[in-house]
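Chain naming here is simple, since letters A, B, ... match the order of the sequence lines and numbering starts at 1 in each. Note: hydrogens, waters and symmetry copies are ignored here, and every other heavy atom, side chains too, is used.
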Amino acid sequence: MPEGERLHESALMQQLARRDQSALEMLYDRYSRTVYSLVLRITRQAAVAEEIVQDVFLSLWRNAHRYEEPRGRLSAWLLTLARNRALDHLRGKHAKQQQREEELAPDSFVPAAPDLAETVDLNRRAEKVRALMSALPETHQRAIELAFFDGMTHSEIAEKMQQPLGTIKSWIRVGLLRLREGLEQAT
Amino acid sequence: MSACKQFEELYEAFALGALDAGERAAFEAHLVRGCATCEAGVARAREVVAQLAYLAPGAEPPRSIKHNLLAAVQEPKQRRIAPVWLWAAAAAVALFSIYNIRETQRLRRQIELSRQRIDQEQKRAAELTTQRAELEQVLAILRDPATQLVNLKANNAQPPLRAYWHEKAGIVLTAENLPQPQGDHTFQLWVVPKKGNPISAGIFRPNAQGGVVYHTLPAAQMINAAALAITEEPVGGRPQPTTTPIWVGPLT
């Protein structure tokens with residue numbers, strides 16, 4: 001979607017808070033593909049992914065009044081909520097769902113850099129993230145993916161990759177810091 | 001700040017959910033104490049971690065999700081609006097019912113009070129009618145030329161009484177500054193015939209000022225009456241005098 005046609009996320013959220021369904025449709029059209037792809041990657045079950053995606057956008061609808069202005073947070077909020085729901089399903093820990101929702105109050109995010117979400121088109125951002133990740137050593141990528149998509153802890157990753165715990169911690173931290181730097185430079 | 005330095009390296013792993021239980025608990029305990037620096041660091045890390053979602057292979061969501069989503073947000077909206085009207089209507093009905101009950105109770109009280117007032121007025125009117133009839137009778141006796149004035153003199157220092165005697169219309173007894181009978185005793189008027197025992201003509205008590213206007217209807221024996229007498233008797237009077245008459249007045 002061209003940048004000029006995009007309504008600012010905060011304006012959309014204000015519309016959403018006023019129970020404007022057209023705002024929900026616009027946000028769904030903008031983010032549903034990314035959210036669905038993420039959830040499907042984690043759960044690997046289409047039916048489960050559909051249920052979780054609908055649930056995530058319903059949460060957005062219900063919690064729109066809690067949203068505050070800082071840019072770039074909405075996509076992060078949606079994606080983090082979707083990931084947590086998917087991981088909860090993966091672990092069968094539905095009881096944790098409520099706790100994670102509480103942790104994910106919309107104001108628990110601040111932008112990694114000014115205009116991060118607004119100035120980078122979603123597709124371009126996806127390409128950028130993939131490019132930055134590809135630039136990392138495969139070991140770093142693997143460790144980060146095991147944590148992000150499979151919900152593994154440092155120890156579990158160390159055991160799976162048969163590497164020392166400190167090494168795994170270092171790979172993940174270094175990898176994420178490079179990703180952040182790369183995204184900041186892109187803006 | 002030293003505590004923050006200790007946790008600084010954990011921001012990304014915490015946001016990623018990769019910390020082991022011990023580290024996670026320690027860091028959460030630190031955050032709970034309200035460390036703004038670490039909270040901001042974690043928020044930035046979450047933003048970066050969220051971008052990893054773009055690494056997932058692209059997949060197109062089925063259209064049914066959007067359809068179901070929009071249906072889901074429409075239903076609660078309808079449900080949300082309907083109860084508002086229902087509650088408002090229910091509240092209005094409840095308020096109206098309460099108002100009606102109170103209004104009914106108020107009207108019932110008013111009706112009851114009105115009935116009581118009407119009863120009192122009717123009773124008062126009946127009393128006035130009786131009083132008026134009595135006064136008319138008294139006036140008729142006083143005006144009638146056939147009426148005989150009887151002076152009743154006391155056998156002691158009591159003031160005299162006057163009786164207006166009419167054979168057919170009855171007796172009117174008047175007095176002023178009369179003393180009250182003792183205790184609950186009463187005065188009793190007697191018609192003393194020429195022959196035979198006295199006949200009671202009723203009992204009376206002076207008012208608070210000692211005044212008396214007593215009217216009694218005629219008795220059959222009044223034609224042969226020789227005198228009027230007044231005794232003091234126990235409450236309710238007696239069939240025959242039990243005390244010596246205080247006032248006596250002969251008829252001519």
Q. Counting heavy atoms not belonging to B:E103, are there more than 12 under 6.0 Å from its CD?
A. yes
Q | Max heavy-atom pair count under 4.5 Å with chain B, selected residue of A:L24, A:V35, A:L132, A:I144 | A | A:L24
Q) Can you say whether A:L58 sits under 4.5 Å from chain B via the side chain, the backbone, both, or neither, judging by heavy atoms? A) both
Q | From CD (A:E184) to CZ (B:R44), nearest 0.5 Å | A | 9.0 Å
Q: Give the minimum heavy-atom separation between A:Q54 and B:L69, together with the two atoms involved.
A: O-CD1, 3.8 Å
Q | chain A contact via B:A45 - side chain, backbone, both or neither, heavy atoms under 4.5 Å | A | neither
(Q) Take a 6.0 Å sphere around CD of A:E51 and say whether it holds more than 12 heavy atoms from other residues, nucleotides or ligands. (A) no
Q: For B:Q131, look at atom CD and say whether over 12 heavy atoms of other residues, nucleotides or ligands are found less than 6.0 Å away.
A: yes
Q: In sequence, state the C-alpha distance, the side-chain angles, and the governing distance for B:V73 and A:Q21, and then conclude on side-chain contact (heavy atoms from CB on, under 4.5 Å).
A: CA-CA 8 Å; B:V73 299; A:Q21 289 184 24; 3.9 Å; yes
(Q) If the contact rule is any heavy atom under 4.5 Å from chain A, which residues of residues 52-67 of chain B qualify, in numerical order? (A) B:L52, B:A53, B:Y54, B:L55, B:A56, B:P57, B:G58, B:A59, B:E60, B:P61, B:P62, B:S64, B:I65, B:K66
Q. Any sub-3.5 Å donor-acceptor pair from A:R83's side-chain atoms to B:L16's backbone N or O?
A. yes
(Q) What part of A:L40 gets within 4.5 angstrom of chain B, counting heavy atoms only: side chain, backbone, both, or neither? (A) side chain
**Q.** B:R132 CZ: over 12 foreign heavy atoms closer than 6.0 Å
**A.** no
Q) Mind checking which of residues 149-165 of chain A sit less than 4.5 Å from chain B, heavy atom to heavy atom? A) A:F149, A:M152, A:T153, A:H154, A:S155, A:L165
Q) Side chain, backbone, both or neither: which part of A:F57 has a non-hydrogen atom closer than 4.5 Å to chain B? A) both
Q: State which residue, out of B:E9, B:E12, B:E23, fulfils the side chain to side chain donor-acceptor pair (under 3.5 Å) condition with A:K169.
A: B:E23
Q: Pick one of side chain, backbone, both or neither for A:L79, based on which atoms fall under 4.5 Å of a heavy atom in chain B.
A: side chain
**Q.** Neighbour count >12 (heavy atoms, 6.0 Å) for atom CD, A:E138
**A.** no
